Each structure stands twice: as C-alpha cells, then as structure tokens.
Amino acid sequence: MKIKTSKLEGDALEGLVAKCEGKASWIRGFTTEWEKGGPIIEREKITLDFLYGSWRALILEGEQIIGDGEGPTPLIAAMRCFVSYRLGSKVEIPEELK
C-alpha cells in the first residue's frame, strides 16, 4: 500500500525513518525523542519553521527544495521531510508497519 509521505504517522513513520537510517524497524522515538531525531535534523541540515499553526521542514540543495514535510510537532515534520527526501513523496508501507 502506497501513501503520501505527508500522511505518515505513528509506527509507519517511525519504521520508515529507521529504514532510511539502515536500522531495524523496531527502533522507535525518532518523532518523539530529540536525542534520536535531533541528530538526523543536524546531519541532513533540515530547516524548521512554524507557519499558520503547523511545523514545516525543508531540505535544500542550493535554492531547490529536495525534501519537505509538515506536521504538528517539529520532529514529525522533520522526519516526514527526511523520509520524503530519501524515499520520495509516496512510499510503500511494509506490512508489519500497517
């Protein structure tokens, strides 16, 4: 089942972040713990802004947006951005994460 990266949440988002990081899908906390999500934000140079009641995250290459995400928290927005950068704007959800 493919869904838009912008709709990812919970175990599906956590599992795909872990996949992008090359880790086992059972690792959690990227969207709730700064000590896990923060290093990804720093390494990938993800920019965060709060606009109109929602967090927005971007990865830029020069002036071109190569990853983006929105969410209710900065970590969720940043991890959606990271997954969209690595896997695209639509992703296949593994059966174990549905």
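Since this is a predicted model, take the numbers as computed values, not measurements.
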Novice: Is any side-chain heavy atom of L16 closer than 4.5 Å to one of M79?
Specialist: no

Novice: If you measure from CZ on F82 to CG on L13, what distance do you get to the nearest 0.5 Å?
Specialist: 11.0 Å

Novice: Return yes if a side-chain donor-acceptor contact under 3.5 Å exists between E14 and T31, otherwise no.
Specialist: yes

Novice: Going by the side-chain contact (heavy atoms from CB on, under 4.5 Å) test, name the single residue among T47, T5, I46 that passes it with C81.
Specialist: I46

Novice: Would the number of heavy atoms belonging to other residues, nucleotides or ligands and lying under 6.0 Å from CD of E9 be above 12?
Specialist: no

Novice: With salt bridge (charged side-chain N to carboxylate O under 4.0 Å, His left out) as the test, would you mind laying out the steps for R43 and E21 before giving the verdict?
Specialist: CA-CA 12 Å; R43 182 187 71 230; E21 286 288 280; 2.5 Å; yes

Novice: Take a 6.0 Å sphere around CD of E61 and say whether it holds more than 12 heavy atoms from other residues, nucleotides or ligands.
Specialist: no

Novice: According to a hydrophobic-cluster definition based on side-chain heavy atoms being under 4.5 Å apart (Ile, Leu, Val, Met, Phe, Trp, Tyr only), do I93 and F30 belong together?
Specialist: yes

Novice: Rounded at 0.5 Å granularity, tell me how far CZ in R80 sits from NZ in K7.
Specialist: 8.0 Å

Novice: When clusters are formed by joining ILVMFWY residues with side-chain heavy atoms under 4.5 Å apart, either directly or through shared neighbours, do L60 and I41 land in the same one?
Specialist: no

Novice: Is there a side-chain contact (heavy atoms from CB on, under 4.5 Å) between L87 and E92? Walk through the geometry before answering.
Specialist: CA-CA 9 Å; L87 302 178; E92 186 72 34; over 6 Å; no

Novice: For the hydrophobic clusters of this structure (ILVMFWY residues joined by side-chain heavy atoms under 4.5 Å, transitively), does one cluster hold both L8 and I40?
Specialist: yes

Novice: Would you find a donor on one side and an acceptor on the other, under 3.5 Å apart, between the side chain of S54 and the backbone of G71?
Specialist: yes

Novice: How many angstroms lie between atom CG of L51 and atom CD of E70, to the nearest 0.5 angstrom?
Specialist: 8.0 Å

Novice: At their closest point, which heavy atom of L48 faces which heavy atom of A78, and how far apart are they?
Specialist: CD2-CB, 4.2 Å

Novice: Going by the rule ring pair (Phe, Tyr, Trp, His ring centres under 6.0 Å), which residues pair with F50 if we only count those two or more places apart in sequence or in a different chain?
Specialist: W55

Novice: Taking all heavy atoms of G67 and all of I65, pick out the closest pair and write down the distance.
Specialist: O-CG2, 3.4 Å

